[in-house]
Amino acid sequence: MSLKKIVKSAIGEMFYHGYYRYVKPTGNRTLIYHAFGSKLNHDSYGISINPKLFEEHLKFLKDNYILLPLNHETLDNKLDINSVSITIDDGYKDNLVAIELMEKYQIPYTIYISTGLIDKEQYLTTQDLKDISKLELCTLGTHSVNHVHLSKLKKEEQYNELYNSKVFLEGVIDRKVVDFSYPYGEYDCSAKEIADSLYEIISTSHIGINSVRCDKKMLKRIEIIASDDIQSLRKKIDGYYDFL
């Protein structure tokens, strides 16, 4: 374990046991996954989790938490209980492995698609999207067209990224798309204004719990990575790292 991780873990222990466990709000903890077993050339962070470990995660979640879809029903009526939701960003081809497992354990999930990457190597195909859109447990949202840093774009370019991805995905699955997550968790005032005008449920990468009266267009999530064993997963759900 690196020094940075050791320090982060130590601070998390002090934060949780010394303070947060006594004041933590009730609500929904939303998890971010990305890839499942693929070797990605750009993955220097460790976003591709072993499918066997992911299945262990699912078993643990199924046995210990209330698992809810990240939708209007949950956000409007079920934030007075503790729950967990699963989201997946980007739209890698290996998401099909994760989908099979989540369907096996009957766990709802949202997948945010970078639509410009569809049909490219290591990403889902148009036919994949059509097929998985028919699954009752699945919600599909967008993740921009090209998975770009929105804050680095002009406003017109931001609009094209967010609008065109929505139109494309709606055309593929023949259904209204209301869900979106920010690529890299990054946005500025104009990107947020555009996203708010186009989508109803928007996920960020801000860490925390979505409690009663949360902003449905600023939902908090926490990232799960390849090195997260069950103990680490539990700590992230419990809020050990909410100080971040």
Side-chain angles (χ1 to χ4, degrees), residues 1-2 4-5 29-65 67 69-70 84-148 165 169 172-173 179 181-185 203 205 207 221-237 241:
M1 183 182 294
S2 67
K4 181 179 179 180
K5 287 185 177 180
R29 176 76 64 181
T30 300
L31 311 179
I32 314 171
Y33 289 91
H34 289 88
F36 305 87
S38 293
K39 293 183 178 180
L40 307 172
N41 292 332
H42 57 276
D43 183 15
S44 59
Y45 186 56
I47 62 172
S48 184
I49 187 172
N50 186 297
K52 291 183 179 179
L53 178 57
F54 180 62
E55 184 168 14
E56 291 179 18
H57 284 194
L58 295 182
K59 291 178 182 178
F60 172 74
L61 293 171
K62 187 77 172 179
D63 290 342
N64 293 280
Y65 300 95
L67 300 171
L70 195 64
V84 173
S85 297
I86 292 178
T87 65
I88 303 172
D89 283 2
D90 300 342
Y92 293 109
K93 183 73 172 182
D94 63 18
N95 286 186
L96 296 177
V97 175
I99 289 169
E100 183 177 351
L101 290 171
M102 290 183 290
E103 292 289 330
K104 174 182 176 180
Y105 292 100
Q106 288 294 285
I107 296 173
Y109 53 95
T110 298
I111 304 178
Y112 297 109
I113 305 295
S114 297
T115 57
L117 301 177
I118 294 306
D119 292 318
K120 294 187 177 181
E121 186 178 0
Q122 290 192 305
Y123 289 89
L124 295 168
T125 66
T126 301
Q127 188 60 52
D128 290 333
L129 294 180
K130 290 179 179 179
D131 292 341
I132 64 179
S133 70
K134 299 173 184 177
L135 300 172
E136 290 186 9
L137 295 173
C138 178
T139 299
L140 288 176
T142 72
H143 199 44
S144 80
V145 175
N146 296 301
H147 200 282
V148 289
S165 59
L169 187 56
V172 170
I173 68 175
D179 299 86
S181 72
Y182 289 106
Y184 305 103
S203 290
S205 295
I207 297 173
R221 302 188 294 168
I222 189 165
E223 188 171 41
I224 309 301
I225 60 176
S227 59
D228 284 327
D229 57 15
I230 297 301
Q231 182 181 11
S232 179
L233 175 64
R234 178 185 60 78
K235 286 184 175 182
K236 286 187 172 182
I237 293 172
Y241 305 110

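Basis for what follows: all heavy atoms, side chains included, without hydrogens, waters or symmetry-related copies.
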Could you name each residue pair satisfying salt bridge (Lys or Arg N to Asp or Glu O under 4.0 Å) that touches [range], not counting sequence neighbours?
range: residues 108-126; value: none
range: residues 92-118; value: Glu55-Lys104, Lys93-Asp128
range: residues 225-237; value: Glu13-Lys235, Asp228-Lys236, Arg234-Asp238

[X] and [Y]: which non-hydrogen atoms are nearest, and at how many Å?
X: Phe36; Y: Pro51; result: O-CG, 3.6 Å
X: His57; Y: Ile224; result: CE1-CG2, 3.7 Å
X: Gly91; Y: Ile113; result: CA-CD1, 3.9 Å
X: Ser144; Y: Pro183; result: OG-CG, 3.4 Å

I want to check something: taking the side chain as every heavy atom from C-beta on, are [X] and [Y] in contact at a cut-off of under 4.5 Å?
X: Met102; Y: Leu137; answer: no
X: Ile111; Y: Ile99; answer: yes
X: Leu169; Y: Leu129; answer: yes
X: Leu61; Y: Leu233; answer: yes
X: Leu31; Y: Ile237; answer: yes
X: His34; Y: Ser48; answer: no
X: Asn95; Y: Asp90; answer: no
X: Ser203; Y: Leu70; answer: yes

To the closest 0.5 Å, what do you measure between [atom1] ([X]) and [atom2] ([Y])?
X: Thr126; Y: Ile118; atom1: OG1; atom2: CD1; answer: 6.5 Å
X: Ile107; Y: Leu58; atom1: CD1; atom2: CG; answer: 4.5 Å
X: Tyr241; Y: Ser232; atom1: OH; atom2: OG; answer: 5.5 Å
X: Arg221; Y: Ile86; atom1: CZ; atom2: CD1; answer: 12.5 Å
X: Ser205; Y: Tyr184; atom1: OG; atom2: OH; answer: 11.5 Å
X: Ile88; Y: Leu140; atom1: CD1; atom2: CG; answer: 10.0 Å

Going by side-chain hydrogen bond (donor to acceptor under 3.5 Å, both in side chains), name the residues that satisfy it together with [X], two or more places apart in sequence or in a different chain.
X: Ser85; answer: Asn28
X: Ser181; answer: Asp89, His143
X: Asp131; answer: Gln127
X: Tyr65; answer: none

side-chain contact (heavy atoms from CB on, under 4.5 Å) assessment of Ile173 paired with Ile132: CA-CA 9 Å; Ile173 68 175; Ile132 64 179; over 6 Å; no

Tell me which pairs pass ring-ring contact (aromatic ring centres under 6.0 Å, His included) where either residue lies in residues 97-116, with sequence neighbours left out. none

Residue set satisfying side chain to side chain contact (heavy atoms under 4.5 Å, CB included) with Asn50, at least two apart, ordered chain then number -> Lys52, Leu53

Using the side chain to side chain contact (heavy atoms under 4.5 Å, CB included) criterion, which residues pair with Asn146? Sequence neighbours excluded. Val148, Glu161

Tyr123 meets the ring-ring contact (aromatic ring centres under 6.0 Å, His included) criterion, sequence neighbours left out, with Tyr92

